[in-house]
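Taking it in order: structure first as structure tokens, then the write-up.
In what follows, chains carry the letters A, B, and so on, assigned in the order in which the sequence lines appear, proteins first and then strands, with residues in each chain numbered from 1.
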There are 2 protein chains.
Amino acid sequence: MDNLNITRDKRTANWLDCLRSSGYRLTEPRQAVIDILANSQRALNATEIFDLARENYPSLGLVSVYRTLEKLEELELIQKVHHPDGCQSFIAGFTGHQHLLICQVCGQAEFFEGDDLTPLIEHVSRESGFTIEEHWLQFFGLCAKCK
Amino acid sequence: MDNLNITRDKRTANWLDCLRSSGYRLTEPRQAVIDILANSQRALNATEIFDLARENYPSLGLVSVYRTLEKLEELELIQKVHHPDGCQSFIAGFTGHQHLLICQVCGQAEFFEGDDLTPLIEHVSRESGFTIEEHWLQFFGLCAKCK
DNA sequence: CTCGTAATGAAAACGGTTATCATTATCAAT
DNA sequence: ATTGATAATGATAACCGTTTTCATTACGAG
């Protein structure tokens with residue numbers, strides 16, 4: 001069972017702990033999916049994860065990828081990334097907020113901090129009569145390598 | 001806050017002109033779709049448009065809805081709205097930017113102005129090494145009626 | 001009015017996601 | 001370790017929204 005059990009990075013180990021402590025079993029298909037997603041610099045969709053994970057774990061089924069994504073999203077370990085070319089890709093990260101910076105060429109994604117939208121939110125709220133509860137902010141561009 | 005002070009009839013007429021001057025024919029199915037979309041306060045998907053338009057034009061085919069949406073998007077008269085519950089809805093508006101304020105209950109959407117993200121964009125750009133070319137900003141909340 | 005052809009609606013095809021189901025593998029209790 | 005209940009799996013089929021195909025219709029220039 002231990003072809004996959006080489007030294008794991010911290011994030012992978014953390015996710016496995018998180019699954020286990022939520023009452024889910026620690027299975028090889030799940031580990032194969034997590035190995036890919038926890039170490040990816042860019043958002044991946046189900047098929048991409050499937051193809052990458054099968055390089056190390058060829059018996060993986062596509063359905064298990066979908067089911068693992070469900071669990072990881074539920075545990076807030078990954079989040080969906082919205083993009084002009086599709087909205088079914090996932091990346092390791094935080095939920096609630098979407099402060100993503102995405103390279104339009106290679107897809108590499110980074111989170112960023114430091115936004116203070118409070119003044120704008122208050123202004124828009126006052127003008128519109130809306131109570132604003134959530135916001136999405138995403139930047140697109142070219143990363144250092146691709147430009 | 002309302003960046004388009006055009007009456008509804010005018011918008012419909014404007015879209016029809018726009019189609020015509022782009023070399024497209026002015027057909028009844030297209031008018032039926034435009035009647036719905038040009039006057040909607042919220043984003044609608046193909047099926048919703050289909051159902052609403054057939055109330056006045058029962059022979060409309062679903063495929064014509066898709067084809068008309070293609071044209072209107074190409075002419076930048078409508079734009080796709082990304083939402084936690086789906087990303088295949090359209091609303092009258094501008095492209096390139098996504099400065100939308102959306103009610104989480106009734107779906108009513110408004111555009112807003114007044115964002116100055118330049119300082120943040122410069123900051124993130126400097127820290128990340130990215131050249132930032134585009135941004136999406138969306139607020140979610142409760143409109144005056146729904147709260 | 002006529003005619004070339006863009007546009008149409010119905011039906012079939014398509015592709016990504018979800019449901020079904022018999023089989024397997026995890027893990028707590030022995 | 002061994003067992004046993006059952007969560008999880010992979011293969012297949014079903015599903016559903018979108019796209020393609022194609023014979024027919026209707027727009028609009030002349």
Side-chain angles (χ1 to χ4, degrees), chain A residues 1-5 15-36 43-75 78 80-90, chain B residues 15-37 43-75 78 80-90:
Chain A
M1 101 172 218
D2 286 328
N3 290 339
L4 289 172
N5 240 347
W15 288 15
L16 295 173
D17 282 350
C18 203
L19 272 179
R20 156 174 258 148
S21 65
S22 301
Y24 295 118
R25 291 180 182 173
L26 246 177
T27 69
E28 290 193 340
R30 278 170 188 169
Q31 293 181 44
V33 169
I34 287 173
D35 274 335
I36 297 303
L44 301 171
N45 66 28
T47 310
E48 290 170 326
I49 295 166
F50 179 64
D51 291 339
L52 289 168
R54 277 169 72 98
E55 290 175 9
N56 287 322
Y57 186 70
S59 67
L60 179 66
L62 178 59
V63 183
S64 288
V65 176
Y66 281 104
R67 284 185 288 222
T68 304
L69 288 174
E70 247 175 51
K71 300 280 183 298
L72 295 175
E73 195 182 16
E74 167 198 325
L75 297 174
I78 61 174
K80 208 171 276 183
V81 174
H82 294 257
H83 194 272
D85 298 333
C87 305
Q88 291 293 100
S89 291
F90 291 87
Chain B
W15 288 15
L16 295 173
D17 282 350
C18 203
L19 273 179
R20 153 174 260 148
S21 65
S22 300
Y24 296 118
R25 291 181 181 172
L26 246 175
T27 69
E28 290 194 338
R30 279 172 185 167
Q31 293 183 46
V33 169
I34 287 173
D35 274 337
I36 297 303
L37 209 35
L44 300 171
N45 66 29
T47 309
E48 289 169 328
I49 295 165
F50 179 65
D51 290 338
L52 288 168
R54 277 169 73 98
E55 291 175 7
N56 287 322
Y57 187 70
S59 67
L60 179 66
L62 178 58
V63 183
S64 289
V65 176
Y66 282 102
R67 285 186 287 223
T68 304
L69 287 174
E70 248 175 50
K71 300 281 183 299
L72 295 175
E73 194 182 17
E74 168 199 323
L75 297 174
I78 60 173
K80 209 171 274 185
V81 174
H82 294 256
H83 193 273
D85 298 332
C87 305
Q88 292 291 97
S89 289
F90 291 87

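- Sorted by residue number, the members of residues 21-29 of chain B with any non-hydrogen atom under 4.0 Å from DNA chain C read B:Tyr24, B:Arg25, B:Thr27, B:Pro29.
- One interatomic measurement links the two molecules: CG of B:Leu69 to P of C:dT8, which rounds to 12 Å at whole-angstrom precision.
- Using a 4.5 Å heavy-atom cutoff, the side chains of A:Thr68 and A:Thr27 are not in contact.
- Here the C1' atom of nucleotide C:dT26 and the CD atom of A:Gln31 are 11 Å apart, to the nearest Å.
- The CD1 atom of A:Ile49 lies 12.5 Å from the OG atom of A:Ser64; values are rounded to the nearest 0.5 Å.
- In this structure, the CD atom of A:Glu74 is 14 Å from the C1' atom of D:dA7, given to the nearest Å.
- Residue A:Arg30 is tested with A:Leu19, A:Leu60, A:Val65 for a side-chain contact (heavy atoms from CB on, under 4.5 Å); the sole match is A:Leu19.
- Nearest heavy atom pair, residue A:Gly61 against residue A:Phe50, reads C-CE1, 3.6 Å.
- Between B:Ala46 and A:Ser59, the residue anchored nearer the 5' end of DNA chain D, judged by the nucleotide with its closest heavy atom, is A:Ser59.
- Of the residues A:Ile78, A:Val33, A:Asp35, A:Leu75, the one that meets the side-chain contact (heavy atoms from CB on, under 4.5 Å) test with A:Trp15 is A:Ile78.
- In this structure, OH of A:Tyr57 is placed 11 Å from C1' of D:dA8, rounded to the nearest angstrom.
- Of all heavy-atom pairs between A:His82 and B:Cys87, the closest is ND1-SG, 3.2 Å.
- A:Thr47 comes within contact range of no nucleotide atom at all, as no heavy-atom separation falls under 4.0 Å.
- Pairing each heavy atom of B:Ser22 with each of B:Cys18, the nearest pair is OG-O, 2.8 Å.
- The separation between A:Asn45 atom CG and C:dG15 atom P is 15 Å, rounded to whole Å.
- In this structure, CD1 in B:Ile34 is found 4.5 Å from CG in B:Leu16, a value given to the nearest 0.5 Å.
- Applying the salt bridge (Lys or Arg N to Asp or Glu O under 4.0 Å) test to pairs two or more places apart or on separate chains, none has a residue in residues 52-71 of chain B.
- Here the CG-CG distance, from A:Asp85 to A:Asn45, works out to 11.5 Å after rounding to the nearest 0.5 Å.
- Taken residue by residue, residues 82-89 of chain A places no heavy atom nearer than 4.0 Å to DNA chain D.
- Note on the helix from C:dC1-D:dG30 to C:dT30-D:dA1: angle between the axes of the first and last five pairs equals 40°, rounded to 10 degrees.
- When heavy atoms are screened at a 4.0 angstrom cut-off, A:Arg67 is found touching base atoms of the nucleic acid.
- Residues meeting the ring-ring contact (aromatic ring centres under 6.0 Å, His included) test with A:His83, sequence neighbours left out: A:Phe140.
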Report all interatomic pairs (protein N or O, nucleotide N or O of nucleotides 12-14 of chain D) with separations under 3.5 Å.
none

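- With rounding to whole Å, B:Arg54 atom CZ is found 15 Å from C:dT8 atom P.
- Side-chain to base pairing of B:Arg20 with D:dG28: no donor and acceptor N or O lie closer than 3.5 Å to each other.
- As a whole-Å value, the separation of A:Leu62 CG from D:dA8 P is 18 Å.
- The shortest non-hydrogen separation linking B:Tyr57 to B:Ala32 is CB-CB, 3.8 Å.
- B:Lys71 places its NZ atom 8 Å from the P atom of C:dT8, with the value rounded to the nearest Å.
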